[in-house]
Amino acid sequence: MFFCLPLLHLQWRFTIPSSNKLCVMLSSLSTHLSPLLISWRAMVGSGCLAPALCCFCPRACHVHLSLLQAPGIRVLILLWLLCASGGAQWIVADHAARPATLKIGALLAPHSTIGREAKRSLELAVKHVNANRSVLHGTALELVWGDTNCSAFQGASAAMDLMSEPVVAIAGPQTSVVSHFVAHMGAATHVPLVSFSATDPSLSEYEYPYFVRLSCSDRVQMEAIAGVVGLFGWREVVALYSDDDFGTSGISALSDALLGVGATIVNHVGLDPAIGRDGIGSALTQLAQMGSRILVVHMQPIMGRILFNEAHYLKMTSTGYVWIVTEALSSVLDNISLDDEFLKATQGLIGTRTFIPVSKKLQTFLHEWKQLTTNETAGRGDTHITTYGLYAYDTIWLIAHALHRFFSENRSFTFYPSNVFPTDAGGNSELAKLNVSQNGFLFLQCILDTEFTGVTGKIKLDKKGDLEGSSIEIVNMVGRGLRTIGYWTSATGCTRHVSRLANRGTLQIDQNNPQELDGVIWPGGSLKVPHEWVIPNNGKPLLIGVPNKTGYKEFVDITVGEDNTTSFHGFCTDVFLAALTYLPYSVPYTFVAYGNGNSTPNYDDLVEQIANKEFDAVVGDVTITTKRARIVDFTQPYTTSGLAVVVPVRKEDTNHAWAFMRPFTPAMWCITCVFFLCTGVVVWLLEHKKNRDFRGRPKKQFVTTLWFIFSTLFFSQREDVKSTLGRAVLVIWLFVVLIITSSYTASLTSILTVQQLMPTIQGIAGLIASSVPIGYQAGSFVEDYLLQLNVPKERLVPLDSLASYAAALSKGPKAGGVGAIVDELPYVQLFLSSECQFAIAGQEFTKSGWGFVSCLNLNLCLILNARSCSHT
């Protein structure tokens with residue numbers, strides 16, 4: 001049964017009426033049957049050749065079995081076998097003769113902008129290839145057109161018509177949506193698809209082995225867009241895309257690329273390809289109410305025009321917005337000079353497109369292209385061509401060079417029916433009847449191995465069928481056309497410094513130069529880099545409450561000018577304004593004073609104003625407490641704080657006769673005297689038997705010993721110590737004397753020269769245990785804290801300012817003042833910087849801090865925390 005396979009592959013139908021014709025027919029089949037010669041010889045010898053020949057094609061081959069039994073016929077068959085083995089080279093050469101015409105399919109949408117350009121480019125390329133006999137050596141290419149209308153269904157139908165011709169390769173499909181479907185058909189029929197504009201990254205997968213492309217994959221340009229986002233320090237973008245294979249796969253690649261620069265897509269807006277102006281306007285209106293201002297657009301030009309016109313109507317192309325488009329849109333922006341509405345809407349956007357190097361071949365092509373389009377449109381059409389049109393031209397040349405390589409290897413194109421499926425499995429369908437290219441895989445390898453220089457530069461494909469060495473050009477829409485502001489490569493990132501260009505258009509960039517772009521003119525004509533986000537609040541600025549208090553103007557100060565304008569100053573507001581400068585977006589706000597300025601407002605009430613939606617945030621010296629954190633959101637503390645006790649100090653008098661006794665306590669004096677006497681007794685016991693100085697009458701010995709020990713205090717002793725133990729004791733005593741005299745001298749000097757101030761109360765524990773009145777800052781949380789420590793409320797005295805602090809402490813408890821003040825450390829430090837007669841008693845307690853306040857759902861505090869951490 002295996003002898004029927006070659007004939008099924010070739011679809012040749014023949015009849016064998018005579019022995020002479022049998023030899024001729026079998027010789028023409030030798031190329032395909034030569035691997036089976038051994039089996040044939042075995043069958044001839046065994047008499048099994050006749051039934052084998054009947055299996056060639058039961059419905060077409062009518063072989064007279066009786067004829068094969070004749071001896072003469074057997075001899076002829078044996079001679080044919082010998083010719084097949086000895087003359088195989090001549091037969092193959094004859095079989096591999098180049099055909100006069102080859103059909104090349106073209107799948108595109110001729111009514112679209114890119115489709116019209118591609119059609120002209122393909123026709124021009126076929127004309128040039130057929131005119132150049134050095135490529136195909138007389139074989140003419142013939143284009144067979146298929147209209148996809150950018151529809152997967154219609155594209156599949158057009159592809160079936162092309163493959164039934166049959167065609168050896170297809171230039172296209174034009175769109176990624178059609179390519180996904182037709183690529184499966186190409187894999188089944190072994191017909192290579194060479195696309196010039198399908199950019200979906202998923203088409204590079206091994207699922208589509210017969211799909212190759214000259215256009216740059218979206219994965220590359222999405223990495224370039226991520227490089228632009230990272231260059232300007234943006235971290236959040238919005239993606240607007242067509243909700244089809246082209247859009248979703250491209251945005252998926254963008255999401256992966258943004259992770260590499262620490263950014264993310266905060267909102268995916270997939271739009272139905274058939275959506276109208278109203279639907280796009282509704283989607284844009286929702287985006288305008290959000291805070292993100294960096295928008296990446298990935299869609300076809302028809303939908304993109306509607307999108308930008310509607311965005312311009314909604315004033316979303318004004319100052320503050322950033323629009324970044326992919327090559328699908330940027331490729332047509334040089335061709336919209338007559339569309340004033342679209343032109344106004346796209347001013348200031350940034351685009352990416354494949355970099356095409358300038359070459360003599362390109363200039364020659366553009367000159368001919370201009371003449372061609374001028375003649376066809378009678379001078380009224382636009383002679384501009386996109387990169388897709390250039391790639392369409394190189395697509396035909398790629399196929400032509402691959403055909404030359406294919407024919408040079410003595411190969412030919414033959415087609416055979418696909419595997420027959422059962423009727424209930426689609427065996428009678430049109431798809432099942434498509435022929436399969438026998439050498440399609442070998443032709444695909446020729447395409448992948450082909451290298452040449454086209455109008456777009458050096459053409460070379462990788463093993464997945466993607467173009468190698470792609471570089472991206474970054475453009476900015478200004479006036480009536482695009483201006484180049486930089487370039488991007490995977491090795492160097494974004495730059496505007498280019499040292500030289502390679503053949504393919506791969507940029508050779510000086511890596512010593514920093515990543516940067518030329519000056520960008522942003523939407524609205526702004527030269528300042530826009531922020532990536534703004535605080536959304538229904539278009540209203542944030543209302544920020546600021547406490548208007550009587551004291552502590554160094555922290556919060558509110559003044560009213562002569563023109564009745566209110567200004568806000570102080571440490572707290574300065575820190576807040578400095579924090580805003582680190583945000584990558586602008587925050588509209590309005591400061592509102594809280595309080596009448598004659599008394600300090602209650603800070604708990606101020607915080608509740610946020611929970612009651614009276615304020616969006618509060619900026620001031622607001623302490624972070626557990627009670628307040630339950631209803632509002634705090635930032636991380638911008639200054640540390642804690643409670644401290646301030647008390648008056650009493651001055652100790654040092655101008656009295658016994659001041660010299662104060663360096664040591666009475667106990668220290670007693671210990672020193674005892675040690676003094678003991679040392680004298682020990683020295684006397686060790687020396688009086690051997691040393692004459694310590695002998696004599698008892699009175700003399702007693703006086704001598706005391707004098708000796710006393711004189712050691714000043715290192716002026718005259719008596720010699722002769723015993724070894726006595727000297728050891730004396731060394732120890734002299735060391736002790738040195739320490740005592742040094743300590744005494746230092747303490748006495750301090751007492752006599754430095755003013756001594758002693759707190760009247762020692763710390764918070766002593767204050768609570770006492771019964772003196774306690775002052776605190778009015779409106780602060782200190783009152784609640786002291787009440788929690790079981791301090792009676794009648795002992796608490798609210799105070800408003802630094803002057804009231806000093807007055808209350810100076811009066812004292814007996815004169816209607818306070819015995820101590822409990823307040824936060826920043827206030828205490830400011831108070832003590834000008835009031836020296838008071839001091840902190842004990843240690844600081846209750847660690848806390850000051851923070852900015854906002855409502856729980858505003859996320860302002862979260863944003864400030866993230867930005868402050870990134871700049872610390």
Side-chain angles (χ1 to χ4, degrees), residues 547 549-556 570-572 575 600-604 607 620-629 634 636-651 755-813 817-851:
K549 54 200 305 184
T550 57
Y552 298 104
K553 298 296 184 179
E554 291 80 2
F555 296 110
V556 179
F571 172 75
C572 298
V575 171
T600 301
N602 187 285
Y603 277 53
D604 288 337
V607 171
D621 47 348
V622 183
T623 305
I624 303 173
T625 65
T626 304
K627 175 183 176 181
R628 296 170 182 173
F634 281 94
Q636 292 291 333
Y638 60 86
T639 184
T640 58
S641 177
L643 294 180
V645 179
V646 181
V647 297
V649 293
R650 62 175 183 266
K651 182 179 179 182
Q755 187 180 24
Q756 299 296 306
L757 301 176
M758 297 297 294
T760 56
I761 297 175
Q762 303 296 325
I764 185 66
L767 178 61
I768 295 175
S770 68
S771 59
V772 299
I774 303 174
Y776 68 93
Q777 185 179 171
S780 70
F781 75 99
V782 177
E783 179 183 10
D784 291 337
Y785 179 78
L786 293 176
L787 291 176
Q788 293 175 5
L789 296 180
N790 298 322
V791 177
K793 188 175 179 60
E794 55 271 14
R795 290 181 56 189
L796 302 180
V797 180
L799 303 171
D800 288 330
S801 62
L802 293 178
S804 61
Y805 277 20
L809 288 173
S810 299
K811 290 181 180 179
V818 296
I821 291 177
V822 178
D823 205 349
E824 295 181 81
L825 189 60
Y827 303 117
V828 171
Q829 291 174 338
L830 179 62
F831 174 67
L832 296 180
S833 64
S834 59
E835 302 291 341
C836 299
Q837 65 271 30
F838 310 105
I840 296 177
Q843 299 294 325
E844 176 189 0
F845 56 99
T846 68
K847 297 290 185 180
S848 184
W850 292 352

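The first residue of the sequence shown is numbered 1, and numbering continues consecutively from there. What's counted below: heavy atoms across the whole structure, side chains too, no hydrogens, waters or symmetry copies.
With sequence neighbours excluded, the residues forming a salt bridge (charged side-chain N to carboxylate O under 4.0 Å, His left out) with D604 are K627, R628, listed by chain and number. Annotation: ring pair (Phe, Tyr, Trp, His ring centres under 6.0 Å) contacts of F831 (sequence neighbours excluded): Y805, F838. In this structure, Y776 has no ring pair (Phe, Tyr, Trp, His ring centres under 6.0 Å) partners at least two apart in sequence or on a different chain. Every residue two or more places apart in sequence or in another chain was checked for a ring pair (Phe, Tyr, Trp, His ring centres under 6.0 Å) with F781, and none qualifies.
Contact between A644 and I840 at its shortest, heavy atoms only, is CB-CG2, 4.2 Å. Here the shortest heavy-atom pairing between G620 and C572 reads C-SG, 3.6 Å. Nearest heavy-atom pair, P637 versus G849, reported as atom, atom and distance to 0.1 Å: CB-CA, 4.1 Å. P547 and D621 get closest at one heavy-atom pair: CG-OD1, 3.9 Å. In terms of heavy atoms, L832 sits closest to A839 at CD2-N, 4.2 Å. In terms of heavy atoms, A808 sits closest to L799 at CB-CD1, 4.2 Å.
Taking the six-membered ring for Trp and thresholds of 30 and 60 degrees, F571 and Y638 have ring planes inclined between 30 and 60 degrees apart.
Under the 4.5 Å side-chain criterion, counting only non-hydrogen atoms from C-beta, L787 is in contact with L796. For the pair Q837/P648, no side-chain contact is recorded, criterion being any heavy-atom separation below 4.5 Å from C-beta on. When side chains are defined from C-beta on, L830 counts as touching Y552, because their heavy atoms get closer than 4.5 Å. Between Y785 and V822 there is no side-chain heavy-atom pair separated by less than 4.5 Å.
Screening V645, V818, L767 for a side-chain contact (heavy atoms from CB on, under 4.5 Å) involving I774 leaves a single residue, L767.
Between F634 atom CZ and T625 atom OG1 the span is 5.5 Å, to the nearest 0.5 Å. In this structure, CG on L643 lies 7.5 Å from CG on L786, to the nearest 0.5 angstrom. Taking CD1 of I821 as the reference point, atom OH of Y827 lies at 14.0 Å (rounded to 0.5 Å).
Pairs of residues two or more places apart, or lying in two chains, that qualify as salt bridge (charged side-chain N to carboxylate O under 4.0 Å, His left out) and include a residue from residues 830-848 are E844-K847. Pairs passing the side-chain hydrogen bond (donor to acceptor under 3.5 Å, both in side chains) check and including a residue from residues 786-796, sequence neighbours excluded, read E783-K793.
Using modelled atom types, no side-chain atom of T639 and backbone atom of W850 make a donor-acceptor pair closer than 3.5 Å.
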Practice task
Go through T600 and Q777 one step at a time and tell me if the side-chain hydrogen bond (donor to acceptor under 3.5 Å, both in side chains) criterion holds.
Solution key: CA-CA 8 Å; T600 301; Q777 185 179 171; 5.1 Å; no
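Residue-environment remark: NZ (K811) stays at or below the threshold of 12 foreign heavy atoms within 6.0 Å.
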